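Given the structure is predicted, the values throughout are model-derived calculations rather than measurements. Scope of the values below: all heavy atoms of this structure, side chains included, with no hydrogens, waters or symmetry mates. In what follows, chains carry the letters A, B, and so on, assigned in the order in which the sequence lines appear, proteins first and then strands, with residues in each chain numbered from 1.
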2 protein chains.
Amino acid sequence: MAEHRTTRHQARAAAIRQIKDEARRQLREDGVHNLSLRGVARSMGFVSSAIYRYFPSRDELLTALIIDAYDALGEAAEQADDPGAPRAQRWARVCRAVRAWALANPAEYMLIYGSPIPGYQAPRDTVGPATRVAKVLTTIAEDAPDSPLSPTLAKQMTDTAAALDSPIAPGAMARVVRAWTQVSGMVSFELFGQFRGAIEPADEFFDAAVADLAEQVGLGS
Amino acid sequence: MAEHRTTRHQARAAAIRQIKDEARRQLREDGVHNLSLRGVARSMGFVSSAIYRYFPSRDELLTALIIDAYDALGEAAEQADDPGAPRAQRWARVCRAVRAWALANPAEYMLIYGSPIPGYQAPRDTVGPATRVAKVLTTIAEDAPDSPLSPTLAKQMTDTAAALDSPIAPGAMARVVRAWTQVSGMVSFELFGQFRGAIEPADEFFDAAVADLAEQVGLGS
DNA sequence: GTCTATAACTGGATAGAC
DNA sequence: GTCTATCCAGTTATAGAC
């Protein structure tokens, strides 16, 4: 009986995986707003109602894809980090890994860092996976020196550091957040076509900026 | 006869304006992908085919909205600039104006700086208006000192400066582009909900970052 | 001549009968 | 689970109003 249950669970997990894979394919092809449960079902050769056994709504499927995207990006960042290396190098490697993942998975990057999906409200479950990249960057900068902040900003940064479970100083946290907005901003510009006709390829631009950011964050050279 | 032509032209311009206003309303309400010519026509009390007298296709309407958005943002930036003020102040004021415009017009900001619209290819006409903000920022930094760049980067930045019709040094151009990616990155993070629950409100975070960026670009204090 | 309205074609999503 | 009728999208051709 336990075996029965196991195979059933495995089958279910496999089905979910297949559905998500197909959904990701449609995401890449036509964008989020053309992603429909029915379309996924059709492409998989079964009837639309069958999919509701696995995802009760389009939003649930979206949430699963968003969590997967955050996790995949987070894992790419974590795996790129080499805790033995100098901190500035760690920073640069992680940032480059983020960009590489985004360029390899543009649709999924847009899903999490692009325009919000109208009518979709992200549930709590996405918060944890969403912080993984920030956590990696913050850990690298954990010993960076503090710097003065206004009271409001100091509180926000202390809270942010606490949410990331990090002993980083508020001033350093602020510099990490700023640097991260720039990294993400550069990746988004590149991916969304803002650099078209001007900064192509953007490899050197990105790498140079990231190296300088490491310094600005206070990771030495 | 000239009078006749004038009124006709005026009527036509008025119709175009009304169509775009209604389209913007729908954009705000339901997002780009729910923007339909039929819906616009319906809300305006006439039949869908009538719109084709003014916009030959949905994409043309989108292009018009995109150009308007770039122009509105560009004008907000230009009007915020006070050529008589110290450069660091000019920089901060323009950046704050950009953020203020984005917060006041989120749908239009997303139209130009959000995820690309699947199936839509921006025509050449959007390039000019798209550079207006960059032009303002570059002008402010025109006298900033040069800094060393790799050959590839130096060429890209020289070309960018040329496209903006600015005598700015390539190294300074690179710092402006970087700073601009960060400004836009911060605005996007705020608008797209990436700061939710952590950096709210983001006024102080933004203002402090922008002030530091002015320094990094090389605008003195 | 310039516009609007009617009607039609294609193609996808959807709801309900079976 | 399947089939069908319906609806709404973009777009076009054509006919008539001003």
Just checking, any donor-acceptor pair under 3.5 angstrom between side chains of B/Glu22 and B/Gln26? yes
Round to a whole Å and report the spacing from [atom1] of [X] to [atom2] of [N].
X	N	atom1	atom2	value
B/Asn34	C/dA13	CG	P	14 Å
B/Arg12	C/dT4	CZ	C1'	14 Å
B/Tyr54	C/dT2	OH	P	12 Å
B/His9	C/dT2	NE2	P	8 Å
B/Arg8	C/dG1	CZ	C1'	6 Å

May I have all residue pairs that pass ring pair (Phe, Tyr, Trp, His ring centres under 6.0 Å) and include part of residues 193-212 of chain B, sequence neighbours excluded? B/Phe189-B/Phe195, B/Phe195-B/Phe205
Name the nucleic acid region contacted by B/Phe55, choosing base, sugar-phosphate or nothing; use a 4.0 angstrom heavy-atom cut-off, strictly under. nothing
Nearest non-hydrogen partners of A/Gly114 and B/Ser115, listed with the distance: CA-OG, 3.3 Å
Mind telling me whether A/Tyr113 and A/Tyr70 have parallel, tilted or perpendicular rings, with 30° and 60° as the class edges? perpendicular
Salt bridge (Lys or Arg N to Asp or Glu O under 4.0 Å) partner of A/Glu108, chosen from A/Lys20, A/Arg28, A/Arg25: A/Arg28
In the 5'-to-3' direction, what one-character label does each nucleotide of nucleotides 8-18 of chain D receive under the scheme B = base within less than 4.0 Å of a protein heavy atom, S = sugar-phosphate only, - = no such atom? -BBBBB-----
Taken in chain and number order and not counting sequence neighbours, the residues that satisfy side chain to side chain contact (heavy atoms under 4.5 Å, CB included) with B/Asp82 are B/Ala85
